[in-house]
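Report on the structure given below.
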Amino acid sequence: MTRGFKAARGGRVSVRLSAVEVRVLEDVFSQVAELVAPPKTADADPLAVALGLEELDSSVDVTEMGQFGQDPVIDRLFPPGYEDEDKAVEFRRFTELGLRRQKQGNAQAVLESLTEGGKVTLDGDQAQAWLLGLNDARLALATRLGIESDADHDRLRELPEDDERAVNYAVYDFLTFLQESLVEAMSR
């Protein structure tokens, strides 16, 4: 098992991961990238897509964006910007696409930095993408596991190995460890 991130030369941070840990991270961040990806339509304007013109990008299905209550994980990753429901829906409608692309980019940055040998060295921007990506993955898992307090965390720690939630809790705990070690390594 990894000992976590360590400070490296030139303001970089590094970690050595086992083959199993690399596979777990590949699986988790592939799922996160898919989860946060903007919904697509079949009627894409190739020029708008190529130019990244969000308001003209007809490949994105915006009909479901801005809505709450369809998936608790999406609601957790894209929380309301206002207490007033109408304002919250309007705010989310205008910000969600950009946030989805940003979160997907962070997940992709993690995936691109993983190596077969397990040695990962990150510069400042890559480390920031990892921090944000780890946070998104942890929020998604915590939502699915029902972790809202320390008591929930403690309860899940005691799950028997044959409980299907035990694997997800172990992954959550691993991501938490990586995130904590990354923050510590970046602060040195």
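Start at 1 with the first residue, then count along the sequence.
Atom CZ of residue Phe78 and atom CG of residue Leu139 lie 11.0 Å apart, to the nearest 0.5 angstrom. How far CG of Asp84 is from CZ of Phe91: 13.5 Å, rounded to the nearest 0.5 Å. Here Leu159 contributes atom CG and Arg165 contributes atom CZ; the two are 5.0 Å apart, rounded to the nearest 0.5 Å. Note that the CG atom of Asp154 and the CD1 atom of Ile147 stand 10.0 Å from one another [nearest 0.5 Å]. Separating the CG atom in Leu182 from the OG atom in Ser14 is a distance of 10.5 Å, to the nearest 0.5 Å. A distance of 3.5 Å separates NZ of Lys103 from CG of Asp136, quoted to the nearest 0.5 Å.
Other residues, nucleotides and ligands contribute more than 12 heavy atoms inside 6.0 Å of the NZ atom of Lys119.
In this structure, Leu178 and Ser181 approach most closely via the heavy-atom pair O-OG, 3.0 Å. Across all their heavy atoms, Ala88 and Tyr82 have their closest contact at CB-O, 3.4 Å. Minimum interatomic distance between Gly118 and Val22 (heavy atoms only, all atoms of both residues): CA-CG2, 4.0 Å. Between Gln104 and Ala33, the shortest heavy-atom contact is NE2-O, 3.5 Å. Tyr172 and Ala142 make their closest contact through CE1-CB, 3.8 Å (heavy atoms, listed as atom of the first residue, atom of the second, distance). Of all heavy-atom pairs spanning Arg16 and Gly117, the tightest one is NH1-O, 3.8 Å.
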Going through the distances and angles, do Ile74 and Arg100 end up as a side chain to side chain contact (heavy atoms under 4.5 Å, CB included)?
CA-CA 10 Å; Ile74 294 297; Arg100 280 179 176 270; 3.8 Å; yes

What's the verdict on side chain to side chain contact (heavy atoms under 4.5 Å, CB included) for Asp173 and His153, showing C-alpha distance, side-chain angles and the deciding distance?
CA-CA 9 Å; Asp173 208 36; His153 189 272; 3.9 Å; yes

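Connection of Val167 to Met1 is not established within any shared hydrophobic cluster, with ILVMFWY side chains joined at heavy-atom distances below 4.5 Å, either directly or through further cluster members.
Side-chain contact between Val110 and Val32: absent, with no pair of heavy atoms (C-beta onward) separated by less than 4.5 Å. Using a 4.5 Å cut-off on side-chain heavy atoms (C-beta onward), Phe5 and Met186 make no contact. Between Asn168 and Leu156 there is no side-chain heavy-atom pair separated by less than 4.5 Å. Between Pro38 and Arg101 the shortest side-chain heavy-atom distance falls below 4.5 Å. For the pair Val28/Arg138, no side-chain contact is recorded, criterion being any heavy-atom separation below 4.5 Å from C-beta on. Side-chain contact between Asn135 and Asn106 is absent, with no heavy atoms from C-beta onward closer than 4.5 Å.
Under the 3.5 Å distance criterion, the side-chain polar atoms of Asp27 are left unmatched by any main-chain donor or acceptor of Val24. Without hydrogens or angle criteria, Arg12 side chain to Leu122 main chain gives no donor-acceptor distance under 3.5 Å.
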Name each donor-acceptor pair under 3.5 Å that joins a side chain in residues 124-134 to protein atoms two or more places apart or in another chain, with its distance.
from: Gln126; atom 1: OE1; to: Asp123; atom 2: N; distance (Å): 2.8
from: Trp130; atom 1: NE1; to: Ser113; atom 2: OG; distance (Å): 2.8

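Taking the charged nitrogens against the carboxylate oxygens, Arg157 and Asp150 have no contact shorter than 4.0 Å, which rules out a salt bridge.
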